[in-house]
There are 2 protein chains.
Amino acid sequence: MTSTERHATGRPATLHDVARLAGVSIATASKALNGRKHVSATTRAEVLEAAALLAYSPNTLARGLVAGRTGMVGLLTSDLEGRLSIPILMGAEDAFGADRTSVLLCDARGDAIREGHHLRTLLSRRVDGLIVVGARPDPRPSIGRDLPVPVVYAYAPSADPDDLSLVSDNVTAGRMAIEHLTGLGRRTIAHITGDPTYGAAQDRAKGALAELAARGLPLAGDRVHFGAWTEAWGRSATRTLLAQHVAIDAVFAGSDQIARGVIDALHEEGLEVPRDVAVIGFDNWEIFATSSRPPLSSIDMNLETLGRVAAERLAAAFDGALGSGVEQIPCRLVPRESTVAA
Amino acid sequence: MTSTERHATGRPATLHDVARLAGVSIATASKALNGRKHVSATTRAEVLEAAALLAYSPNTLARGLVAGRTGMVGLLTSDLEGRLSIPILMGAEDAFGADRTSVLLCDARGDAIREGHHLRTLLSRRVDGLIVVGARPDPRPSIGRDLPVPVVYAYAPSADPDDLSLVSDNVTAGRMAIEHLTGLGRRTIAHITGDPTYGAAQDRAKGALAELAARGLPLAGDRVHFGAWTEAWGRSATRTLLAQHVAIDAVFAGSDQIARGVIDALHEEGLEVPRDVAVIGFDNWEIFATSSRPPLSSIDMNLETLGRVAAERLAAAFDGALGSGVEQIPCRLVPRESTVAA
DNA sequence: TTACTTTCGGAAAGCGTTTTCGGAATATCA
DNA sequence: TGATATTCCGAAAACGCTTTCCGAAAGTAA
């Protein structure tokens, strides 16, 4: 391994360099490059040529310093794997336009101290706004009132009702799952889901129950089967149901992992999916949903949309007022072979 | 949803404000806050008090403008799920110190155009360095020579040997897997892995074969079973082996997903893991490895370390020269119950 | 030609820092 | 007490850019 000077050493060209080469003042050069008025076509062309020659790239920092805007937003997450933050980041990137706004990603790793630390850093970098992504979809402490920049909470709402939060519409998602299954002719539907302390679990169950009631259908197994967000729980809950000779022709699982456990257990009992029992999951975690046997129908929380909306709300807040309260973002059902035979 | 002015409106305090309140010049205020010399203890205390009173937070942009360093590095990734980039980002954050360096994350989504776009944006933001993370562990096009900042390629090496790349040591990882299995007394080991066009697949196989040879053991099934990085392939390859009455007491799988398929197929044939057949995976993708039945021993690529080393190499390059070539980062074996009975 | 617009280009201020350098005040030494 | 060394503090330049404002030049109308 040699050890040479790899990156070009000379500092990048400045506006001053461009102006000098074009034989104009930096004021004129600035106007020419930014399409401002009061520059003749010929001078503009000369400046542009000089800029191209020098591979001039404007210093966004300096620009931000005078504009009072940095074109950066902070994404403060606690999501250790990026499962949530990356899609949200991409949505935000799209909405802002990747060329005008960049995202500073900070992972607090679930540590409040670290979160405060990152917050201070982001503020001192003068980000234009902040998106806070929680690890679980339940109210989390606000990062503070009266911050110098607008803040949007995504996925996990802020506990402070004066903050603006964006969350998935889990109630409607629950209804969608039932609607899908009944639309396929299923009548005896069980709901196996995760940790009951998760608001999302409660909401999805609530939606499912409401939709069942609206259609005059009972919930198979008589109650919602809360447990853990694991395959193991999906398996064991399913076995319990079958052991009790509960007749089921569909299962609405609270997560894709649970759904896989459910399918596993059904297979072990010789039941075929979706012929005998249709199964739908939640999260649409591609890697799980598509590697399942059969591929898993699932409900997608539209995280990119969440990010996109977060960006839009922030953008609106830049020149105006930010709303408050909790905004529900609709989910989307992705049908695959675990409910609809290929 | 009300629509009020949520974030504090007044612009943040500047050094000028602090100086004025403390009754000193901005020069003195700056020195006091930065612990420079030539400031008496009492004035320093006064300045600090003023700063605290105003909740002063220095403008990192302005600081960067004069220092010629922004304290930001760009992380240019193509990793759609964050599976790679987030751990690498966290490692880099740790190495730099989250308070002195922030990471701008840009996802190119596998699109060269978008990558170029992001690159330009990052450069115009004057990042101090760049980490490029590829989606698959094979040589990828260099993002360019003679960039104004040092660049380190992580996970996927650059095709240009003059660039500095950091990759996992797949060959040694292959040896480690075999070493682990033979250490447990296994003698007939098969290797089922993914797409043979992946250099990583070849390297792991090479390491495994070398280690087997060193121990005078044959490869069960006579050849490496290349296929796809899927559960389905793991299942079908295993079935094929069993159908051929190949005696195996261990399988080294090329990924955790393949490993799960292998375990599935073994169970279907009435074989118990690890009693009859030990199985080890690769990637140590927590969610897969731990939700497997039994939990999966696996090889972790130490992505955080990759990020950490990338950060260290960049930091070294800031004041000095950057190396070139491909640096191998060792992997780590994480034993769980799929090889070692609980 | 004179008077008035319109169009261009540049000087300079300012964004919020850090840092150099010179001057004033205080302390140290003969 | 006068000369010299120390210690503090502030004025000002610099970082790279945008923008306001003013003057010069050129065009238009009478």
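Values below: all heavy atoms of this structure, side chains included; hydrogens, waters and symmetry mates excluded. Here is the naming used below: chain letters follow the sequence lines, and residue numbers restart at 1 for every chain.
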Determine, step by step, whether A:Tyr155 and A:Ser85 satisfy the side-chain hydrogen bond (donor to acceptor under 3.5 Å, both in side chains) criterion, reporting the C-alpha distance in whole Å, the side-chain angles of both residues, the deciding distance to 0.1 Å, and the verdict. CA-CA 10 Å; A:Tyr155 191 69; A:Ser85 19; over 6 Å; no
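Residue A:Thr43 has a polar side-chain atom (N or O) positioned under 4.0 Å from OP1 or OP2 of C:dG9. A sub-4.0 Å separation between OP1 or OP2 of C:dG9 and a side-chain N or O of A:Thr28 is absent.
Counted by atom type alone, A:Ser124 and B:Ser57 present zero donor-acceptor pairs between their side chains at under 3.5 Å.
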Scoring nucleotides 13-18 of chain C by protein non-hydrogen atoms under 4.0 Å (B base, S sugar-phosphate only, - none) yields -BBBBB
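Per the geometry, NE2 belonging to B:His38 stands 12 Å off P belonging to C:dC21, to the nearest Å.
Residues A:Ser102 and B:Thr121 meet the side-chain proximity criterion, which asks for heavy atoms closer than 4.5 Å. Proximity of A:Asn59 to A:Thr14: side-chain heavy atoms (C-beta onward) are nowhere separated by under 4.5 Å.
The residues A:Glu115 and A:Arg140 are annotated as salt-bridged, a charged nitrogen and a carboxylate oxygen being separated by less than 4.0 angstrom. Residues B:Asp17 and B:Arg11 are paired through a salt bridge, judged by an N-O separation under 4.0 Å between the basic side chain and the carboxylate. Under 4.0 Å is where a charged nitrogen must lie from a carboxylate oxygen, and between A:Arg109 and A:Asp111 no such pair does.
Rounding to the nearest 0.5 Å places CZ of B:Arg308 at 8.5 Å from CD1 of B:Ile329.
Within the 4.0 angstrom heavy-atom criterion, no nucleotide atom of any strand lies near B:Thr60.
Close approach of DNA chain D to chain A, defined as any atom under 4.0 Å from a non-hydrogen atom of the protein, starts and stops at D:dG16 to D:dT19.
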